[in-house]
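Shown next, in structure tokens, is the structure this report addresses.
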Protein chains: 2
Amino acid sequence: MESKERIMEEFRRKGFRATPQRIVIAQIVLKSKDHPTAEQIYQAVKKKYPTLSPATVYQTLHLLTEIGLLQELGFSDRVSRYDPNASPHINIICRNCGKIQDYQAESIKGLWSQIIMELGFKPIGQRLDIYRHCDQCQANMHNNQVL
Amino acid sequence: MESKERIMEEFRRKGFRATPQRIVIAQIVLKSKDHPTAEQIYQAVKKKYPTLSPATVYQTLHLLTEIGLLQELGFSDRVSRYDPNASPHINIICRNCGKIQDYQAESIKGLWSQIIMELGFKPIGQRLDIYRHCDQCQANMHNNQVL
DNA sequence: TCTTAAGTAATAATAACTCTTAAATAAGTT
DNA sequence: AACTTATTTAAGAGTTATTATTACTTAAGA
């Protein structure tokens with residue numbers, strides 16, 4: 001799902017041009033594991049492509065979301081993060097630093113189909129968050145209290 | 001949980017003043033069933049309290065979130081919605097109009113404790129969204145295609 | 001009632017994101 | 001390989017929900 005060829009194919013199949021900008025952005029976000037923000041993606045892309053504009057990043061991320069390769073996760077700090085994993089899974093999110101890691105629980109599949117059956121309609125998407133304080137932030141909080 | 005006395009008690013117990021503004025805002029959002037936005041809450045409160053400022057609404061909503069009576073749900077349109085239901089439940093959300101209704105599935109409790117056991121830590125919160133197009137929006141979309 | 005720390009209203013400031021537009025280009029056609 | 005044109009990009013202006021600031025007001029304990 002992350003090869004340049006595969007990405008180009010995916011854009012064209014949906015009727016969009018496979019431009020170098022789009023390909024670089026797609027490669028970076030699709031292989032990411034930490035659900036980066038648009039700004040983080042922009043900074044990463046700029047290294048390889050210094051003239052690229054933030055607007056292009058936003059536009060491409062929306063496009064990738066539209067064609068189903070990405071999920072946009074909105075948060076109350078108004079900064080979205082982008083999740084390349086479209087299948088039902090749990091986002092384990094640190095309430096302090098915002099870091100996210102995916103958790104693919106075996107138990108989710110079963111639960112999921114059960115809930116869909118109960119609901120009586122087929123969802124077009126889902127989002128499952130679990131909030132905590134990650135080990136690093138927990139350690140920092142402890143240190144600050146001690147000092 | 002929604003009576004004036006109960007709300008006043010809750011504010012004071014956490015060391016905050018029980019002002020009329022806070023009480024009115026809390027009453028409206030805690031009894032709401034549709035996960036209103038800050039703007040919607042502001043409009044509702046203004047009817048009873050015309051001089052109230054939007055900043056007070058935001059501040060009070062954050063306070064209610066902090067003391068655990070409310071959950072703030074961020075979205076990718078950067079408009080937060082406020083959920084008075086703190087226990088694990090599913091938000092059924094329309095991707096078109098943004099309307100939210102809660103779904104208290106029996107199956108969730110079991111799933112939830114199972115996942116917590118698997119994870120090996122105790123979460124400080126959760127958010128479970130299911131996305132769809134609500135009946136009304138689905139009807140409208142159909143009409144627009146026909147026209 | 002008095003005192004004062006905490007809260008409010010008004011408004012300026014912020015920042016993520018979106019819009020606009022002129023210049024550039026992907027990709028089909030010749 | 002050059003031609004054509006609808007699509008895309010870069011740059012910067014614009015938008016808007018939310019936050020910060022500050023002078024005035026008030027809840028609530030003494």
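Naming convention: chains lettered A, B, ... in sequence-line order (proteins, then strands); numbering from 1 in each chain.
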Original post:
Can you hop from Ile130(B) to Ile90(A) via hydrophobic side chains spaced under 4.5 Å?
Top reply: yes
**OP:** Summarise protein proximity over nucleotides 17-30 of chain D in one line of letters, 5' to 3': B for base, S for sugar-phosphate only, - for none, counting protein heavy atoms closer than 4.0 Å.
**Re:** BSBB-----BBS--
Original post:
Using the C1' atoms of the five pairs at each end, what is the angle between the end axes of the helix from dT1(C)-dA30(D) to dT30(C)-dA1(D), to 10°?
Top reply: 40°
Subject >> Between dA15(C) (P) and Gln40(A) (CD): distance, integer Å >> reply: 17 Å
Subject >> Interatomic distance where CG belongs to Leu61(A) and C1' belongs to dT9(D) [whole Å] >> reply: 15 Å
Original post:
Among the nucleotides dT8(D), dA10(D), dA9(C), which one has an atom lying closest to any side-chain atom of Thr56(A)?
Top reply: dA10(D)
Original post:
Does the side chain of Glu72(A) pick up a donor-acceptor pair with the side chain of Ser80(A) at under 3.5 Å?
Top reply: yes
Subject >> Length of the line joining Leu63(A):CG and dT18(C):P, which is rounded to integer Å >> reply: 13 Å
Original post:
Looking only at side chains, do Asp102(A) and His89(A) share a donor and an acceptor under 3.5 Å apart?
Top reply: yes
**OP:** Give the rounded distance in Å between these two atoms: CD of Gln59(A) and P of dT20(C).
**Re:** 13 Å
**OP:** In whole angstrom, give the distance that lies between atom OH of Tyr42(A) and atom P of dT9(D).
**Re:** 14 Å
**OP:** State which residues pass side-chain hydrogen bond (donor to acceptor under 3.5 Å, both in side chains) with Tyr49(A); sequence neighbours excluded, sorted by chain then number.
**Re:** none
Subject >> Electrostatic pair Asp83(A)-Arg81(A), nearest N-O below 4.0 angstrom >> reply: no
Original post:
Hey, is the main chain of Gly74(B) close enough, under 3.5 Å, to the side chain of Arg127(B) for a donor-acceptor pair?
Top reply: yes
Subject >> Pairing of Asp135(B) and Arg132(B) as salt bridge, 4.0 angstrom limit >> reply: yes
Original post:
Hey, are Arg6(B) and Glu9(B) close enough for a salt bridge, meaning a charged N less than 4.0 Å from a carboxylate O?
Top reply: no
Original post:
Any side-chain N or O of Arg22(A) less than 4.0 Å from the OP1 or OP2 oxygen of dT7(D)?
Top reply: no
